[in-house]
Number of protein chains: 2
Amino acid sequence: MNRAEKAEKAKYETRAKVLKALAHPARLKLVDELAAKEEACVCDLTEVIGSDMSTVSRHLAQLKNAGIVESEKHGQMVFYRLRVKCLTSLFSCIESVVKCQIDDQRRVLS
Amino acid sequence: MNRAEKAEKAKYETRAKVLKALAHPARLKLVDELAAKEEACVCDLTEVIGSDMSTVSRHLAQLKNAGIVESEKHGQMVFYRLRVKCLTSLFSCIESVVKCQIDDQRRVLS
DNA sequence: TGCGTATTTGCATCTTTGGCCAATTATACG
DNA sequence: CGTATAATTGGCCAAAGATGCAAATACGCA
């Protein structure tokens, strides 16, 4: 595999990594929550999600690893916040896919 | 769980489904290819991806199931094409996440 | 009808994820 | 210091995902 092919492979793998980090209901809810609240600690987010704190912590770690959120420790608490502003437009695209599907289903039923 | 909570749950699950369909290097490459070519058959896409045709067929099925592509059969061949136009803006958001990370790494190294 | 090509589907296998519980680390507070 | 709270990490298991090979389908064509 030559240099250009490697670069292309890396491009798709990096994109996939970011998308994979977003591709889970709990993590999408975390992102939504952080978009609304500006920042939040793990304990608060744990209540919102309703899973074990360890689970939420791992979800946040994935988002962080993908570069979607960043964290800062204050005392015993760790605060997370979004690092990216463009997520709204991203989700509006996702929604347009969803909407398109719903329209299709309606067409099939009628 | 009440009606509103169910709706919220469904919202995140639906979004996650679309994102999950995109969250794979091969499927991202397929999307890129279809964006460039307007439409293509499975056999051509198989060459591009370089996996077994059955694998590529399954990847395409996932994209279709998520509402990202649609397909049409002509003779023995099945042609796939994108159903959504907004993917460019979606990827530019993903890229901004990636770029942000790269900048961070550079900062750490220097 | 029978052959060849394009595509999908049925296993079998291997890897990755998600989740909880328990243990560990880090920090605040008495 | 000892204890309590916040968060992360390790271990484990069940569920989901990826992939190739082989078999089944679906067409086109002679």
Side-chain angles (χ1 to χ4, degrees), chain A residues 1 9-10 12-34 37 39-82, chain B residues 1 9-10 12-31 33-34 37 39-81:
Chain A
M1 196 162 60
K9 187 162 171 281
Y12 293 120
E13 280 172 359
T14 318
R15 284 186 182 184
K17 188 179 145 199
V18 177
L19 286 163
K20 206 186 284 190
L22 288 170
H24 187 287
R27 293 195 290 272
L28 288 175
K29 190 164 182 175
L30 285 170
V31 167
D32 246 23
E33 201 66 21
L34 292 175
K37 280 194 187 167
E39 77 173 14
C41 64
V42 181
C43 49
D44 288 347
L45 293 168
T46 296
E47 278 195 26
V48 174
I49 300 295
S51 307
D52 197 275
M53 183 183 271
S54 67
T55 302
V56 175
S57 177
R58 275 187 234 265
H59 280 314
L60 288 165
Q62 278 185 70
L63 290 171
K64 184 176 176 180
N65 187 252
I68 297 162
V69 305
E70 59 191 359
S71 65
E72 202 170 337
K73 189 163 191 173
H74 283 129
Q76 342 168 231
M77 276 138 75
V78 178
F79 289 87
Y80 282 85
R81 62 172 161 276
L82 290 184
Chain B
M1 195 162 60
K9 188 162 172 281
Y12 292 120
E13 280 172 359
T14 319
R15 284 186 181 184
K17 187 180 147 199
V18 177
L19 285 163
K20 207 185 283 192
L22 288 170
H24 188 288
R27 293 194 291 271
L28 288 175
K29 191 164 182 175
L30 286 170
V31 167
E33 201 65 21
L34 291 175
K37 281 193 187 168
E39 77 173 13
C41 63
V42 181
C43 51
D44 288 349
L45 292 168
T46 297
E47 277 195 26
V48 174
I49 300 295
S51 305
D52 197 274
M53 184 184 270
S54 66
T55 301
V56 175
S57 175
R58 276 187 235 265
H59 281 314
L60 288 166
Q62 279 186 70
L63 290 172
K64 185 176 175 181
N65 188 250
I68 297 160
V69 305
E70 59 191 0
S71 66
E72 202 171 337
K73 190 161 190 173
H74 284 129
Q76 342 168 231
M77 276 138 77
V78 178
F79 289 87
Y80 283 84
R81 63 172 161 276

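Quick note: numbers below take in every heavy atom, side chains included, and nothing from hydrogens, waters or symmetry partners.
Taking 4.0 angstrom as the limit, B/Arg27 places a side-chain polar atom (N or O) nearer than this to OP1 or OP2 of D/dA18. Look at A/Gln62 and you won't find any side-chain N or O under 4.0 angstrom from OP1 or OP2 of C/dT17. Contact annotation: B/Lys20 side-chain N/O to D/dG17 OP1/OP2 distance is under 4.0 Å. In this structure, B/Gln76 does not reach the D/dC29 phosphate: none of its side-chain N or O atoms is under 4.0 Å from OP1 or OP2. Under 4.0 angstrom from either OP1 or OP2 of C/dT16 there lies no side-chain N or O belonging to A/His24. Taking only side-chain nitrogens and oxygens, A/His59 comes nearer than 4.0 Å to OP1 or OP2 of C/dG19.
Between B/Glu39 and B/Tyr80 there is no side-chain heavy-atom pair separated by less than 4.5 Å. Between A/Asp32 and B/Arg15 the shortest side-chain heavy-atom distance falls below 4.5 Å. Contact check for A/Leu34 versus A/Leu45: side-chain heavy atoms found under the 4.5 Å cut-off. B/Val48 has its side chain within reach of B/Lys29: a pair of non-hydrogen atoms, C-beta onward, lies under 4.5 Å apart. In this structure the side chain of A/Ser71 reaches within 4.5 angstrom of the side chain of A/Lys64, judged on heavy atoms.
Rounding to whole angstrom units, CZ of residue B/Phe79 and C1' of C/dT5 are separated by 13 Å. Note: CG (B/Leu63) to C1' (C/dT7) measures 16 Å, nearest angstrom. As rounded to whole Å, 9 Å separates atom P of D/dA7 from atom NZ of A/Lys73. Computed from coordinates, the B/Leu22 CG to D/dA18 C1' distance equals 17 Å when rounded to whole Å. Regarding A/Glu13, its CD atom lies at a distance of 13 Å from the P atom of C/dT16, rounded to whole Å. With rounding to whole Å, A/Asn65 atom CG is found 15 Å from D/dT8 atom C1'. Between the CG atom of B/Asp44 and the P atom of C/dT7 there is a distance of 8 Å, given to the nearest Å. Atom C1' of nucleotide D/dA7 and atom CG of A/Leu60 are separated by 10 Å, given to the nearest angstrom.
Rounding to the nearest 0.5 angstrom, the gap separating the CE atom in B/Met53 from the CD atom in B/Glu47 is 9.0 Å.
Proximity note for A/Ser57 (side chain, C-beta onward) versus C/dA6, D/dA18, D/dT8: the nearest is D/dT8. Side-chain proximity of A/Met53 to the nucleotides C/dG19, D/dT8, C/dA6 is greatest for D/dT8. When each of D/dG20, C/dG19, C/dT7 is scored by its nearest atom to the side-chain atoms of B/Met77, the top-ranked nucleotide is C/dT7. Nearest nucleotide to the side chain of A/Asp52, out of C/dA6, D/dT8, C/dC21: C/dC21.
For B/Val42 and B/Arg58, each mapped to the nucleotide of DNA chain C holding its nearest heavy atom, the one lying further toward the 5' end belongs to B/Val42. Residue order along DNA chain D, read from the 5' end via each residue's closest nucleotide, puts A/Ala61 first among B/Gly50 and A/Ala61. Nearest-nucleotide positions on DNA chain C place B/Tyr80 closer to the 5' end than the other of B/Tyr80 and A/Gly75.
For A/Ser51 against C/dC20, a side-chain-to-base donor-acceptor contact under 3.5 Å is absent.
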